Amino acid sequence: MNKSTANSIKILFAVFVLAGLYYASVYSYLLFHTLVELFVIAVAISIFLIVLNVRRLVENDYFIFIGIAFAFIGIIDLLHTLAYKGMNIFYGYSANLPTQLWIIWQYLYAGSMLLAPFFIFRKNNFGVIFSVFFVGVGLSIIAVFSGYFPDCFIEGSGLTPFKKISEILTSFMLILAIILHWKVKQHFIRVIFIQLVVSILMSIIAKLFFIFYINVYGISNLIGHYFMLISFYIIYDIFVAAVISNPLEFLFIELKIMAKHLRTEKNQLEKMVKERTVELEHANKQLQREISERKKAQTLLLNTHEALKHSYAQLEEFTHIVSHDLREPLRGIYNLTRIFVDDYSQKLSDEHKSIFDIILRQCRRQEHQILLLQKYSSVGQLDLYLEETDIHAVVQEMIQLLKSTKHYDTVDFCIHNSLPTVRCDKERAADVFQNLILNAIKYNNKTNKKVEIGYHNQYLIKQFYVKDNGIGIDPKYHQEIFRMFYRLHNHDEYGGGLGAGLAITKKIIEQHGGKIWINSTPDEGTEFIFNFGK
């Protein structure tokens, strides 16, 4: 028998069944209702039995979820059929009882179709899903028979607002179910997907007729059952007839789906590979250009480095020569002035003596500046001798030396905590702490001078600080004070000086790969924070 003949026979059989059901409804609507509902129950239970026996052979939990849901749909529909008006099985109940069970049936069906797409290729526990349905449906049945479920049908007036709203709500749930199925349609064989959508649409149409009936035996109820019958016949064709006629094809249906999905993924992957190949070719050309440019830059950098080394050596030689050549005439001026003052001191007036004294002081100051400039220049030229240095011992020794000097014996020195050991040049590190501590003492107008030295870890870097309660520094000068020969005060204020200590300190710290900065407020003190690099 060819496919066309088989389809013709199916259509003739369907017409015969529908006509037979119509005549059954004319003879006895109760008979018509019972036959339709028994078919629905049979389909639902058959799907569950199939799932129960093949659940270990399939990975697609969509099929398993549907099977469990339809088992309870069948149970609720059986109770609905037995409770229908005229069956006289449940005494003491009106037509409200089967209508309430029908609404539970509809919520269960619509909810199951809505949730089913989420179970595609998602492994879940059969027992857990079954238990959830069992508890939910069981509580619903108890609520109906104990009178706690809302009324759905009242004799004489027909359907209640709750029933009508429930039909509309479940219709929207089924529409949403179609949308969700559409989003995962690639996981279905095309024919099965179309059948599922048509089945759900038939259920929605059936619900439209179930909204408006006044009499449970009325024409609206009759037409609604016809569409429900068609809906479940399609479900039967998908889940039951397919298994009976070709079980192997059904069991391996997910392999077909996966093969289809893999073909789609393969095409997408090939497209992505082609696009990526073009991108890589472009990137490769770009990389070749960058490599060529980098080689040119490295060559230029090497040449520049050699030129810089040569310039640095020349600068060092120039600094040494200049400092030597400047100091020689300066010494000559100083010595000649000193001799002249000594020889003619009796003949010089006080005004002249004062002028010559200024000349001598300026000579000494200028020579000191030259020596500091030479020292500042040498900081970056001499190699560091790096070793593990006990900073605590270095600072303690320095404080002991300062306390032994009468000028500093009243200063309150405080090492806040035990200072750590760091890798640095010990002599240069000592110069840093000495410059900062002397600076803290020098620029302090308080009666009780305090200097605090400490450290703390910051992102695995040991940061030291030297803090005082002195005159403080205005924030606008926080960067300026590290310039060579820069002073915020007159040369004679706060013990005088040439403004080179902080510049040399900063250069030593930077030579170690570290940083130094300042926190200070005028009249509240100053805190220098620094580190010797990682």
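Atoms considered below: every heavy atom in the structure, side chains included; atoms not considered: hydrogens, waters and symmetry mates. Fair warning: this is a prediction, and the values are worked out from it, not measured in the lab.
- Rounding to the nearest 0.5 Å places CZ of Phe532 at 9.5 Å from CG of Asp425.
- For Ile194, the side-chain contact (heavy atoms from CB on, under 4.5 Å) partners are Arg190, Val198, not counting sequence neighbours.
- Tyr107 and Ser166 share a side-chain donor-acceptor pair at under 3.5 Å.
- Side-chain N or O atoms of His282 include none that pairs as donor or acceptor with a backbone N or O of Val278 at under 3.5 Å.
- Taking a cutoff of 4.0 Å between a charged side-chain nitrogen and a carboxylate oxygen, Glu510 and Lys507 do not qualify as a salt bridge.
- Other residues, nucleotides and ligands contribute at most 12 non-hydrogen atoms within 6.0 Å of the CG atom of Asn448.
- Take Val395 and apply the side-chain contact (heavy atoms from CB on, under 4.5 Å) test, not counting sequence neighbours, and it matches Ile391, Ile399, Ile415, Leu419, Phe433, Ile453.
- Taking the six-membered ring where the residue is Trp, Tyr455 and Phe464 present tilted rings, their angle falling between 30° and 60°.
- Relative ring orientation between Phe65 and Phe133 is described as tilted, the plane-to-plane angle lying within the 30° to 60° band.
- A side-chain donor-acceptor contact under 3.5 Å links Tyr465 and Glu452.
- Between Glu281 and Lys285, no side-chain nitrogen of the basic residue sits less than 4.0 Å from a carboxylate oxygen of the acidic one, so the salt-bridge criterion is not met.
- Between the side chains of Asn469 and Asn444, at least one donor-acceptor pair of N or O atoms lies under 3.5 Å.
- Rounding to the nearest 0.5 angstrom, the gap separating the OG1 atom in Thr421 from the CG atom in Asp390 is 4.5 Å.
- Relative ring orientation between Phe72 and Phe134 is described as perpendicular, the plane-to-plane angle rising above 60° on a 0-90° scale split at 30° and 60°.
- Evaluation of the side-chain hydrogen bond (donor to acceptor under 3.5 Å, both in side chains) test over residues 515-530, restricted to residues two or more places apart or in two chains, returns Ser520-Thr526.
- The CD1 atom of Ile235 sits 6.0 Å away from atom OG of Ser203, with the distance rounded to the nearest 0.5 Å.
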